[in-house]
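Notes for the one structure printed next.
Predicted model only: the values in this text are computed from it and were never measured.
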Amino acid sequence: MEGIGRRRIFLMRHGHVDYFNPDLTDPRQAELTEEGRAQASAAAQALSEQPFDIAISSGLKRTHDTAQIILDGHRDPPELEAHLGLEEIKSGFLRVGSREELAARLAFCFDDADADDARFLPDGETFKSVEARVTQAIEDIVLDRAWRTALIVAHEGVNRVILGWACGGGLKTVSAFEQDLCCVNVIDIDVTPTEPAAGDRADNSKPLQIERIILKAVNVTPYDYLKEGLPRTSLEHLFGVDFGGVRPR
């Protein structure tokens, strides 16, 4: 059967955007800055010799444009698709007294993601619903078609959930998976034909199954491989603060 065996996903986060641009009325429509385009160009150079069979973004402009910069460096790239199941976590609304308070709320929001009814800010999407949505999306991509290498460009929260799924730790592990802007993760997935249990009929709707998942690389940043210029978390960098590992009150 075509596509059986080991598949490789190059999972990326989008490049830098300015969520505080005064002209931005909808954060979902945030676009790459010049810094973000430079980050994507560095990744494109690093991946220029890597062919892709499929390429998928979340459909939001920042992931679409990051993926397109990667593909523009290829001679015969696949058509870029969108999968809405990979959209970033839907946040709620929060009234805060300062930029630092908002930064703290966001910077530590993944720490208790596995708690009952934990959400990405009050009234936002629950982490459990995010996990269900994102793992369904990634499993659909892995099992619903034949391919060997895939480029997927998504978001920090989404990527953390995918990495938690890949390592088998689920939401309990997502706080450990930092995702710097325009980083690259490499995930190998062994796919085999579905074998029904004794006495069961084969499920023809799912002819493939995931045999095992291997994390080959996590949070690689081609524009700064050794992280010399990245001492902060991505959210600390975004807000221009440095908590030094200490959770603010």
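Residue pairs meeting the side chain to side chain donor-acceptor pair (under 3.5 Å) criterion with at least one partner in residues 159-169, sequence neighbours excluded, are Glu139-Trp165, Glu156-Arg160, Asn159-Gln179, Arg160-Glu178. Within the structure, side chain to side chain donor-acceptor pair (under 3.5 Å) pairs that include any residue of residues 41-57 do not occur (at least two apart or interchain). Within the structure, side chain to side chain donor-acceptor pair (under 3.5 Å) contacts touching residues 76-86 (residues at least two apart or in different chains) are Glu81-Arg145. Residue pairs meeting the ring pair (Phe, Tyr, Trp, His ring centres under 6.0 Å) criterion with at least one member in residues 29-60, sequence neighbours excluded, are Phe10-Phe52, Phe52-His74. Pairs passing the ring pair (Phe, Tyr, Trp, His ring centres under 6.0 Å) check and including a residue from residues 211-234, sequence neighbours excluded, do not occur. Evaluation of the salt bridge (Lys or Arg N to Asp or Glu O under 4.0 Å) test over residues 63-74, restricted to residues two or more places apart or in two chains, returns Arg37-Asp65, Lys61-Asp65.
Applying the under-4.5 Å side-chain rule to Ile, Leu, Val, Met, Phe, Trp and Tyr, the cluster around Leu226 consists of that residue alone. Hydrophobic cluster membership of Leu60, counting Ile, Leu, Val, Met, Phe, Trp and Tyr whose side-chain heavy atoms lie under 4.5 Å apart directly or via other members: none, as it forms a cluster of its own.
Going from atom CG of Asp180 over to atom NE2 of His16 covers 12.0 Å, rounded to the nearest 0.5 Å. If you take CG on Leu11 and CD1 on Ile138, they are separated by 6.5 Å, rounding to the nearest 0.5 Å.
Side chains of Asn219 and Phe177 form no contact here, defined as non-hydrogen atoms less than 4.5 Å apart.
Applying the side chain to side chain contact (heavy atoms under 4.5 Å, CB included) test to Gln136 and every residue at least two apart in sequence or in another chain returns Asp140. Every ring-ring contact (aromatic ring centres under 6.0 Å, His included) that His155 has, sequence neighbours left out, goes to His14. Partners of Asp188 according to the salt bridge (Lys or Arg N to Asp or Glu O under 4.0 Å) rule, which considers only residues two or more places apart in sequence or in another chain, are Arg8. Every side chain to side chain contact (heavy atoms under 4.5 Å, CB included) that Ala118 has, sequence neighbours left out, goes to Ala115, Phe127.
Sparse packing is recorded around NZ of Lys172, with 12 or fewer heavy atoms of other residues, nucleotides or ligands lying under 6.0 Å away.
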